[in-house]
Amino acid sequence: MGATSVASAAAARDGAKDELAADATGRGQILLVDDECSIARAYARTLGAAGFTVETANDGKSAAAAARARKFDVIVSDITMPGMNGLELLRAVREHDLDVPFVLMTGGPAVDSAVRAMEYGALRYLIKPVAPAELEEVVTRAVRLHQMARIKREALDMYRLDGKALGDRTALEARFSRAVETLWIAYQPIVSWSRRSTFAYEALVRNEEPTLRSPPDLFEAAERLGRLEELGRIVRDSVAKTLDEQPTPELIFVNLHAMELADDSLIAPGAPLSRHAGRVVLEVTERAPLEQIHDVTTRVGQLRALGYRIAVDDLGAGYAGLTSFAHLEPEVVKVDMSLIRGIDRSPMKQKLLGSIVGLCRDLGIEIIAEGIETVDERDALVRVGGDLCQGYLFARPDRPWAITNFGK
Ligand code: C2E
Ligand code: MG
Ligand code: MG
């Protein structure tokens with residue numbers, strides 16, 4: 001048992017990983033996994049007769065190896081198998097293939113395994129014995145969905161930045177290098193309205209490469225080129241240089257890409273920004289999940305030991321869960337501007353922000369409202385108990401240190 005074997009007479013594939021598997025072999029390539037050889041053979045015959053190319057595996061481990069080596073359009077797997085079961089196989093495959101549809105089969109329906117199957121991204125959950133017509137129908141549909149998923153992912157990859165094709169890697173490298181050469185940091189005041197004073201500045205990256213002007217595009221390009229850590233370091237070193245050369249008493253807020261949390265240079269006591277840590281608040285956005293970062297809590301502890309404080313950025317724009325709070329235990333929360341925009345005309349937004357302000361007060365967390373553009377938005381914030389704000393009403397991001405406008 002354990003070896004995989006080609007169970008249909010359809011043409012063998014060379015297995016090039018990046019091609020759409022269904023292209024070369026009629027209706028598509030199926031990996032069928034069942035520890036009972038007779039069942040695997042019967043299902044393979046059904047699908048083979050329907051025009052699919054079927055490869056069978058009799059245990060999870062060899063199926064995982066086959067899925068790593070070749071592209072399949074659909075994986076159909078039994079759940080209960082000795083060794084690696086169907087759910088574990090699904091998880092192993094998802095580590096390197098986010099798209100391939102997974103159909104799980106089981107002899108005895110169990111609610112918890114069905115729920116887990118769906119959580120791990122299984123497409124269908126079938127109860128055995130599965131009728132040939134049902135198997136063919138489910139697999140046919142899954143192949144189409146897979147093709148759709150691949151096409152969508154390719155389109156996304158191609159048109160991510162500004163709706164323009166990214167072009168080849170060399171071109172992106174050149175544009176990214178131009179962005180880095182012209183990189184500078186803008187600072188936007190964060191103000192206390194009650195005191196009419198500047199409480200802090202947020203550092204925001206800027207560059208003169210026209211196709212990578214927006215910071216999220218710049219960071220996405222860095223991610224694709226594997227140069228995220230380098231970009232984060234350049235930003236942090238640049239902020240540190242400004243603090244060395246043009247000291248200012250206010251706090252400085254610096255955005256961190258979630259991946260930067262894994263960079264050892266961030267926690268190095270000798271790093272240029274570490275020397276200013278006592279005045280720096282690191283912003284971690286709620287938009288990106290922190291789950292992929294190894295041991296976030298330890299990292300955050302190390303940052304605090306250096307003197308840094310932590311802010312959750314873009315509250316209300318990301319995941320509904322509380323994972324960022326639990327991991328980060330922030331000193332500061334920044335409410336996303338989507339919750340601020342038009343707040344003076346939205347009783348719902350006022351109620352929400354009022355609750356956030358009250359909760360943060362109870363927890364001893366400072367709260368900053370981002371993107372205040374009008375006097376009415378500012379006044380609505382003050383009415384629900386807020387005070388710290390940031391937005392075009394006071395100042396746009398600018399060279400250090402921008403003048404704050406308290407005039408209105
Ligand atoms: P963010 O950290 O939430 O920054 C606030 C964004 O809102 C900034 O956009 C700022 O220019 C903009 N903004 C401030 N006040 C107003 C306002 O009143 N109205 C409107 N409509 N916008 C306002 P920016 O600079 O384009 O940055 C976008 C995002 O890119 C930032 O969102 C942050 O997540 C990321 N980013 C910017 N600089 C850096 C950086 O140095 N490192 C990292 N990791 N991320 C950065
Ligand atoms: Mg920010
Ligand atoms: Mg924000």
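Just so you know, ligand 1 is whichever comes first in the structure, and atom 1 is the first atom listed for that ligand.
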Shortest protein heavy-atom distance from atom 15 (N) of ligand 1, along with the residue and atom involved | Gln188 NE2, 3.0 Å
Looking only at protein heavy atoms, what sits closest to atom 7 (O) of ligand 1 is Met337 CE, 3.1 Å
Note the single closest protein heavy atom to atom 10 (C) of ligand 1, along with its residue, its atom name and the distance in Å.
-> Leu204 CD1, 3.8 Å
Could you pull out the atom name of the N/O/S atom in Asp313 that is nearest the Mg ion (ligand 3)?
-> OD1
among protein heavy atoms, the one nearest atom 44 (N) of ligand 1 is His257 N, 3.2 Å
Whether Ser214 lies under 4.0 Å from ligand 1, heavy atom = no
Do Thr53 and Glu55 have side-chain atoms, one donor and one acceptor, less than 3.5 Å apart?
-> no
Does any non-hydrogen side-chain atom of Asp237 lie less than 4.5 Å from one of Leu273?
-> no
Where the Mg ion (ligand 2) is the corner point, what angle links OD1 of Asn255 with OE2 of Glu202, to 10°?
-> 90°
Under-4.0 Å heavy-atom contact with ligand 1, by part of Glu202 that carries it = side chain
Any side-chain donor-acceptor pair under 3.5 Å between Thr248 and Arg279?
-> no
Mode of Asp313 contact toward ligand 1 - side chain, backbone, both, neither (heavy atoms, under 4.0 Å) = side chain
So is Arg195 actually on top of Trp193's ring, under 6.0 Å and inside 45° of the axis?
-> no
Assess the side chains of Trp401 and Glu250: does a donor N or O sit below 3.5 Å from an acceptor N or O?
-> no
Nearest heavy-atom pair of Ala64 and Met84: which atoms, and what distance?
-> CB-SD, 4.2 Å
Any Ile372 heavy atom less than 4.0 Å from ligand 1 | yes
Atom 38 (N) of ligand 1 - nearest protein heavy atom and its distance | Val205 N, 3.1 Å
Backbone, side chain, both or neither: what part of Lys334 comes under 4.0 angstrom of ligand 1, heavy atoms only?
-> neither
Between CZ on residue Arg236 and CD on residue Glu260, distance to nearest 0.5 Å = 5.0 Å
Please identify which atoms of ligand 1 are closer than 4.0 Å to at least one heavy atom of Glu260.
-> 44 (N)
Specify whether the nearest protein heavy atom to atom 32 (O) of ligand 1 is under 4.0 angstrom away.
-> no
Is the closest side-chain donor-acceptor distance between Ser192 and Ser197 under 3.5 Å?
-> no
Distance in Å, Lys334 NZ paired with Ile368 CD1, rounded so as to fall on 0.5 Å steps | 5.5 Å
For atom 28 (C) of ligand 1, which protein heavy atom lies nearest, and how many Å away is it?
-> Pro216 CD, 4.0 Å
Any atoms of ligand 1 less than 4.0 Å from a non-hydrogen atom of Glu370? List them with their elements.
-> 3 (O)
Atom 18 (O) of ligand 1: which protein heavy atom is closest, and how many Å away?
-> Tyr392 N, 2.7 Å
Atoms in ligand 1 flagged as close to Pro397, the criterion being non-hydrogen separation under 4.0 Å = 11 (O)
Run the contact test for Arg341 against ligand 1 with a 4.0 Å cut-off on heavy atoms, strictly below, and give the result.
-> yes
Backbone or side-chain N/O/S of Glu370 under 2.8 Å of the Mg ion (ligand 3) = yes
Answer yes when Arg341 and Glu373 have at least one side-chain N-carboxylate O distance shorter than 4.0 Å, and no when they do not.
-> yes
Determine whether the side chain, the backbone, both or neither of Asn255 has a heavy atom under 4.0 Å from any heavy atom of ligand 1.
-> both
Between Asn207 and Glu181, does any side-chain donor sit less than 3.5 Å from a side-chain acceptor?
-> no
N, O or S of Asp314 under 2.8 Å from the Mg ion (ligand 3) = yes
re atom 27 (O) of ligand 1, the protein heavy-atom contact at minimum distance is Pro215 CG, 3.6 Å
Rounded distance [0.5 Å steps], OG1 in Thr404 versus CD in Gln390 = 11.0 Å
Any chance you could measure Leu266, atom CG, to Leu282, atom CG, to the nearest 0.5 Å?
-> 6.5 Å
pair Ile190-Phe253: side-chain heavy atoms closer than 4.5 Å | yes
Nearest-0.5 Å distance, CE of residue Met348 to CG of residue Leu339 | 10.5 Å
Can an N or O of Gln390 be found at a distance shorter than 3.5 Å from an N or O of ligand 1?
-> no
Looking at Glu283, the N/O/S atom that lies nearest to the Mg ion (ligand 2) is called OE1
Tested for side chain to side chain donor-acceptor pair (under 3.5 Å) against Thr285, the lone hit among Asp314, Asp313, Asp336 is Asp314
Tell me yes or no: between the side chains of Asp376 and Thr374, is some donor less than 3.5 Å from an acceptor?
-> no
Enumerated ligand 1 atoms positioned under 4.0 Å from heavy atoms of Val235 = 41 (O)
Classify the contact between Glu377 and ligand 1 as side chain, backbone, both or neither, using a heavy-atom distance cut-off of under 4.0 Å.
-> neither
Rounded to the nearest 0.5 Å, what's the gap from CG on Asp78 to CG on Leu126? Could you check?
-> 11.0 Å
Going by heavy atoms, is Glu373 under 4.0 Å from ligand 1?
-> yes
Numbering as shown, the atoms of ligand 1 that approach Asp314 to under 4.0 Å (heavy-atom distance) = 3 (O)
Mark up the atoms of ligand 1 that fall under 4.0 Å of a heavy atom belonging to Glu283, in ascending order.
-> 2 (O)
For ligand 1, the portion of Leu256 having any non-hydrogen atom under 4.0 Å away = backbone
